[in-house]
Structure formats: C-alpha cells, structure tokens
Amino acid sequence: MSHGILEREARVVLALGRRALTVQFRRAQLLMPTFVLPLMLLAVISSGTSAAVDLRGFPDVASYLAFMVPGTVVQGTILAGLTAGIALASDIEFGFFDRLLAAPVKRTSLVLGRLCGTLGLAILQSSFFLLVALAFGARYPGGAGAAVAAVAIAAITAVGVGGIAAAIALRTGSLALLQSLFPFMFVLLFTAPAFFPRELLAPVLRDFSVLNPLTYVVEGIRALLNGDAGLGDPALGLLAACLLAVCTTALSTGALQQRLRRT
Amino acid sequence: MSLAPGSPPAVEAHALVREYKGGIRAVDGLDLQVAAGEIYGFLGPNGAGKTTVVRILTTLLRPTSGDALVGGRSVVRDGDAVRRLIGVALQEAAIDPLMTGRELLRMQGALHGLRSKQARERGQNLLERVGLTEAGDRRVGGYSGGMRRRLDLALALVHRPQVLFLDEPTTGLDPTSRAALWREVRALNDEGTTVFLTTQYLEEAEQLADRVGIIARGRLVVEGSPTALKAQVGPPTIHVELADAEGAQRARSALRGLGALEPAGAGGDIHVQLRTTAGKAAIAPVIRALDEHGVQVESVEVQMPSLDDVFMAVTGATLEGASSNDGSPSSGDHVGEAVPASRAPEATTAR
Ligand SMILES: Nc1ncnc2c1ncn2[C@@H]1O[C@H](COP(=O)(O)OP(=O)(O)O)[C@@H](O)[C@H]1O
Ligand SMILES: [Mg+2]
C-alpha cells in the first residue's frame, strides 16, 4: 500500500471516529450508560462496602475508593465498547452504513473508524472517572504519569470490547440483540476482580478470572494508580488489552468481509 | 467531466438477476444501457425492483447472476473503481439525524479523499448550491423531507461523480421541493453528469428523462424516449367541454372531419373527445369548426398520451393501481406543479 493511500485511509478513519464521538455526545441514551452508570455503581459500592477494606485478604490500600476506581474504569471500557456495537448496528439498521459502503474506501477503514471513536470515547471517559473520584477523595500514589498510562490501557481495552460488539453488529445487524448484551457486562466485570481482590472471589469466579483478559487490565491499572506493584502487573495489563484489541479488530473486519459476501 | 459522444455507455446491465432469500426474484434478467450524459428514468410501481437494481449498480448488493458495468467497470469485480465514479442518493436518505448538514458534508468529503480544508470549502459550496446555507449548522433530524433530499443530493455530489444514481428522489415531496430538485438534476446533467433516476411518477420521468425504461416485476417491459413511448400508444386527444348538452350532436358532426371521434362515454352529453395526431395544432381548427356550427364551448383541452397509457398498454395495469400509492401526487387536483402529467392538459383554452 502506498503512502498516499495510507494517509487517505487514515483521514477516513479519523473522520469516522470524529463522527462517532460527536454523535455519542448527542445521544442521551448512549451517554447515560457510558458516563453516569459506572459512577453510580462506584458510589453505591464504595459507600456500602467500604468496611471491606478491613476484611482479611484485602490488600493494604490508601483508600477503598482508589482500589475501586479501576473497576469503574474497566466498566466504562465495556460500556464504551458495547455502545460502539449499538451505534454500528443502528447505522446498519437505518441505512447510514450504506452511505459508507458506497464510498471508495477500504472496507477495513469503516470498522477502524468506528473503533477510533471508541478509543476517543474511552480516553475521555476514563479521564473523567479518575477526576471525579479524585474530587471525592481518591488518591493516586502512582502519580500523573501512571494515571495517563492507566487511561491508555483502558482505551485500548475499550477498542477490544468494541471489536467484539462491532463483530456482533456486523454478523447480525441487530440493534435489539446488542442492547440485550448489557447484562453480560456484569459477568465480565465480576469475573474480573473489579471491585474485590482476586483472593476474595468465590473459587469458581477465581478460575474464570484467570481466563478473563479484563482481570489483567483491572489489576494493571490498579497497580499503576496505587503505585503498588503488589496489586498487579501493568505490562501484563497492557499486553492483555493489546491482544484483545488486535484479535477483536480482526474479528470485526472479518465479520464485515463476510457480511459483504453475503449481501 | 462530460464524456465525449460515442464513448462507452455509462451504465450497462447484462442478464442481471437478483434473488432474495425466500426466492423472491426482485430483478429477473435485466438488460439495459445508459449512454454517457443521459438522464435515464427508471420507472415502475412499488416493488418492481428499482431499488434492488440501484443497489446492485452502486455495489451495495451483489447480483445473483449477470453483471453490470458502470463507467466500463464491473460492479462485481471492480467495486472500488465503480465507487470512485458514482454518487448515490438512496431512497431512504441515509442521513444521521444527530449530525448537522455541514458535518455530514465534511465527513462525506473525507470519505472521498478530500483534505479537511477542501472538504469544508466544498461543503460550503454545495450547501449554497442546494439552498441549505442557513440550515447547514442545524441537526438534520429537524430538516423537512425536501431539505433532507437536497442535502442527500449535495452529499452525493461531493466528489463530482460521473454517474449519479437517484432512487426516488422526490417521493413524498411537496410540489415546490420537487420542482427545485428537478431543476438541480437538469443543471447537473447540463454539466455533463449522467443521471440514473428511479421514480414511480410518470410526470417525473416525462419531465426529466431523455430515455425511460419501465420496469415491472424485475423485468424491463419497455424502453425509449418519453415521446417515442407515447407515440406507440397513439395520438393526443382533444377534450371539448360544451356549455350545454344540446350542442353535443352538432359538435360531433362539426368535428367529424378533424380526427377520430371517441365514442361518447358516461356523461358524454357535454363532453366530446377527438383523437388527432395534430395535437395542439388542432385547437384552433376545432374551435373554429365548433363556432361555425354555433356550438357553445366551455373549454378545450389537449391531452397527450401519458406514460401511464404506455404502462397500461404493455402491462395491462395502471401504474398507480400497481403501486401502493404512498404520497403520490397524482390525485388529480390541479394545483400548480402537482398537476399529474398523466392527466394534465397540455394546453387549455377557454372561451
Ligand atoms: N432485503 C430484501 N429481502 C427480501 N425481499 C426483498 C428485499 N428487498 C426487496 N425485496 C423484495 O424485492 C422486490 C423488489 O423490491 P425493490 O427493489 O425495493 O422495489 P422498488 O424499489 O421498485 O419498490 C419486492 O417484492 C420486495 O418485497
Ligand atoms: Mg424502491
């Protein structure tokens, strides 16, 4: 592929990402779950169960809130990813995707553009969560650099989840199906040690958590924010996020190719 | 951008077939050619297969068999090249209600390889061209049907396409919006753009198209210029409305020599109809003859044979009858441009 074509496709991806993000902020039913829901859950869990810090097996952290925030951030990434699928499915259902398909651009760019929007959304969203928690007393001993790294890992994770959701949207074109996937978020969330350390999970969940890539993301972000390598491995978190993103992006571009062969 | 005469056809379809799941043959062995620089009107009732054909020609749908070339490139094997040549405004204007007109134009520009500054300028020009400068920064969700269509057209023009596909561009529009869109289509065609336009409206095809293909049940049933098609059906009819029924007999004998008198139908007492190839030119002689016979005339109208008549002749059904008739303007009320061509008087004289 020549340099010119790459540059052109990059412009397309950015334009589509920009559009995805713009629309996201104008659609209340997408904005509520991505920005408000995780914070509500954070408020409920952290106020109701802050005594958990005293449980045996609970790591020694500065504040329970700081321990919880990675869970909120990862919840945000799941929601950002899911809404990517929902937005794509509605583009398909209402014909907007046809406009994109009728344009002389690489088919892959259409998927990448959507995921580019998800990346941008997740960056805004996780920064927002970190700031709100900060305002409510969370402290990040890891420092600002660590917080930026945490946001980056979260954003890549969101692309990973978005890839799955986009693949489902492209396979089925069904808005309703994607909306029904929201409960799965909790499965992903509770089999990752989002709100409790792995040691406190039930044995079955603990076995699952080893297989859940989000486990490594949560723990990596937690280690970064708390500046405590005992809480997780940021490199492993980054690796898990990148692997997930690469695999599911491939999955969704494959789903698009297949969709085009079917039509 | 205009192509030299004698250049290869802008659009060619060869034995095109599209079968949907469930065995519906929406397109059933279609052959057609559209010359470069032409406005081709693809006319047919609802469900005839028009949209399916447009989707195949714009690479959005694969034919089950057969192939089509747009600008000499195969829609099946060379989709990307085809997409570079074409602009398309789909029947369901594929517009995101949450975006503004300007944002959509900018995005469309990026999709066609324009840089940000170019895309902005082009967007501005096109907004002016379709009269949406004021509305450009408003969300499309608040646009009227006519505004959406105009924006959709503008979007299709961002990259100055050689061939423009318009799928029922005026369905559901009010007469003013329809007329505005027609003007725009004509102007584009004058600039050299080939236009492939589908419509359920006879009037639209007659007004715009150089050539018309009538499609029914996925097959092209007849093709030609509107004039040639109408000539197949027969000469124009002159309708004379009399002031009173007493003159009917005298009127019929007065007009006998001027053409073929149609048998008096129901309510034929004050109406006399005459078929004559002279068309409008027969108005003066008709009035003179009636005058000489002392017949009081209320009005004289010339009715050209319409594409509806052609459709009737080739399929045995009326276009309106075959369609679900949603938002059709052919209600028969004579309001400005809403006058349905199928029954519109070509010339009217009253005395
Ligand atoms: N996606 C589809 N699946 C199954 N049948 C379809 C589909 N789209 C159109 N059809 C059928 O194909 C025929 C032609 O439809 P269409 O091309 O939309 O006609 P038109 O545009 O002339 O109204 C109709 O009978 C319609 O019901
Ligand atoms: Mg249609």
Side-chain angles (χ1 to χ4, degrees), chain A residues 1-2 4-31 83 86-110 112-114 116-117 173 256-263, chain B residues 18 20-21 51-52 54-64 73 75 78-100 102-116 118-119 139-141 151-152 155-156 158-159 161 165 167:
Chain A
M1 217 188 292
S2 85
I5 294 178
L6 264 181
E7 192 198 322
R8 204 189 124 117
E9 296 296 327
R11 271 204 303 276
V12 170
V13 169
L14 284 178
L16 293 178
R18 177 184 177 158
R19 177 250 165 182
L21 207 52
T22 310
V23 170
Q24 174 88 20
F25 278 98
R26 291 178 190 171
R27 191 172 284 168
Q29 74 263 36
L30 293 187
L31 214 51
T83 54
I86 288 177
L88 180 54
S90 75
D91 275 357
I92 292 171
E93 202 162 301
F94 298 113
F96 193 84
F97 202 60
D98 286 335
R99 170 178 304 288
L100 309 184
L101 287 175
V105 295
K106 297 255 170 276
R107 314 288 87 178
T108 316
S109 300
L110 303 181
L112 293 182
R114 169 55 65 192
C116 172
L256 176 57
Q257 300 298 346
Q258 204 177 13
R259 178 179 192 85
L260 295 175
R261 274 196 295 277
R262 267 197 328 239
T263 52
Chain B
R18 172 66 199 208
Y20 284 113
K21 283 192 213 84
T51 296
T52 306
V54 169
R55 293 181 68 87
I56 292 172
L57 295 178
T58 53
T59 78
L60 292 174
L61 202 63
R62 282 165 179 267
T64 308
R73 307 299 196 101
V75 296
D78 209 357
D80 210 49
V82 171
R83 286 189 282 271
R84 253 188 282 279
L85 298 175
I86 61 166
V88 55
L90 293 168
Q91 184 173 359
E92 318 288 344
I95 277 174
D96 188 328
L98 294 174
M99 295 173 79
T100 70
R102 206 180 292 279
E103 285 168 347
L104 272 162
L105 279 160
R106 219 161 2 159
M107 187 203 77
Q108 188 81 14
L111 286 173
H112 284 281
L114 299 190
R115 287 165 187 287
S116 155
Q118 284 175 301
R139 291 193 195 168
V140 174
L151 177 62
D152 204 11
L155 288 163
V158 159
H159 55 298
F165 291 88
D167 194 7

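Computed from a predicted structure; not experimentally measured. Each chain gets a letter, A, B and so on, in the order its sequence line appears, and its residues count up from 1.
The part of L260(A) that comes within reach of chain B is its backbone (N, CA, C, O), which places non-hydrogen atoms under 4.5 angstrom from that chain. Proximity to chain A is limited to the side chain of L104(B), based on heavy atoms less than 4.5 angstrom apart. Proximity to chain A (any heavy atom under 4.5 Å) is shown, for T100(B), by both the backbone and the side chain.
The choice from D80(B), L60(B), L90(B) that makes the most heavy-atom pairs within less than 4.5 Å of chain A is L60(B). With respect to chain B, the highest number of heavy-atom pairs below 4.5 Å among V23(A), L14(A), T22(A), L16(A) belongs to V23(A). Per-residue heavy-atom pair counts under 4.5 Å with chain A were compared for R106(B), R139(B), R18(B), K21(B), and the maximum is reached by R139(B). The candidate from L155(B), L61(B), T58(B), L111(B) with the greatest count of non-hydrogen atom pairs under 4.5 Å with chain A is L111(B).
Salt bridge status for R99(A) with D152(B): present, with a side-chain N to carboxylate O gap under 4.0 Å. Salt bridge status for D98(A) with R55(B): present, with a side-chain N to carboxylate O gap under 4.0 Å. Using a cut-off of 4.0 Å between Lys/Arg side-chain N and Asp/Glu carboxylate O, E9(A) and R107(A) are scored as not salt-bridged.
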Side chain to side chain donor-acceptor pair (under 3.5 Å) for Y20(B) and T52(B)? Distances and angles first, verdict last.
CA-CA 10 Å; Y20(B) 284 113; T52(B) 306; 2.9 Å; yes
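Contacts of R83(B) classified as side chain to side chain donor-acceptor pair (under 3.5 Å), with partners at least two apart in sequence or in another chain: T59(B). The side chain to side chain donor-acceptor pair (under 3.5 Å) test applied to D91(A) returns R19(A), R114(A), not counting sequence neighbours.
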